[in-house]
Amino acid sequence: MEHTINRTGRIGRAGTDASRSTGLLDVDALSDLLGVTPRFVRRLVSERRVPFLKIGKFVRFDPREIDEWVDQQRRPAASYE
């Protein structure tokens with residue numbers, strides 16, 4: 001899937017009206033962005049390890065919150081002195 005920046009400046013998946021209008025990512029878009037499987041993203045959600053929004057039965061992700069979350073996942077490199 002290809003991601004685009006919509007008119008509001010947010011990341012969205014190309015070809016989907018919902019992502020273009022809201023700027024929110026769905027499970028497939030986030031899995032593409034992170035380079036992981038949709039199953040792994042659903043596991044992160046079920047374990048509440050990733051910030052998400054629940055809109056009815058749909059799970060969506062705010063790209064800004066995901067950017068912050070990814071930054072928080074960084075670990076310093078090991079130092080071998």
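None of these values were measured; they are calculated from a predicted model. The chain is numbered in sequence order, starting from 1.
- Taking CZ from R49 and CG from L44, the interatomic distance works out to 5.0 Å, rounded to the nearest 0.5 Å.
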* Asked: How far apart are the C-alpha atoms of L33 and L25, what are their side-chain angles, what is the distance that settles it, and do they pass the side chain to side chain contact (heavy atoms under 4.5 Å, CB included) test?
  -> CA-CA 9 Å; L33 191 64; L25 304 172; 3.9 Å; yes
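- Side chains of I66 and P51 form a contact here, defined as non-hydrogen atoms less than 4.5 Å apart.
- Smallest separation of non-hydrogen atoms from W69 and L34: CZ3-CD1, 4.2 Å.
- A salt bridge links R43 to E47: one of the charged nitrogens lies within less than 4.0 Å of a carboxylate oxygen.
- Put simply, the residue from D26, V27, L24 that forms a side chain to side chain contact (heavy atoms under 4.5 Å, CB included) with F61 is V27.
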* Carefully, step by step, assess F40 and R42 under the rule side chain to side chain contact (heavy atoms under 4.5 Å, CB included). => CA-CA 5 Å; F40 182 72; R42 287 191 293 273; over 6 Å; no
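- Considering only heavy atoms from C-beta on, V41 stays 4.5 Å or farther from V50 through its side chain.
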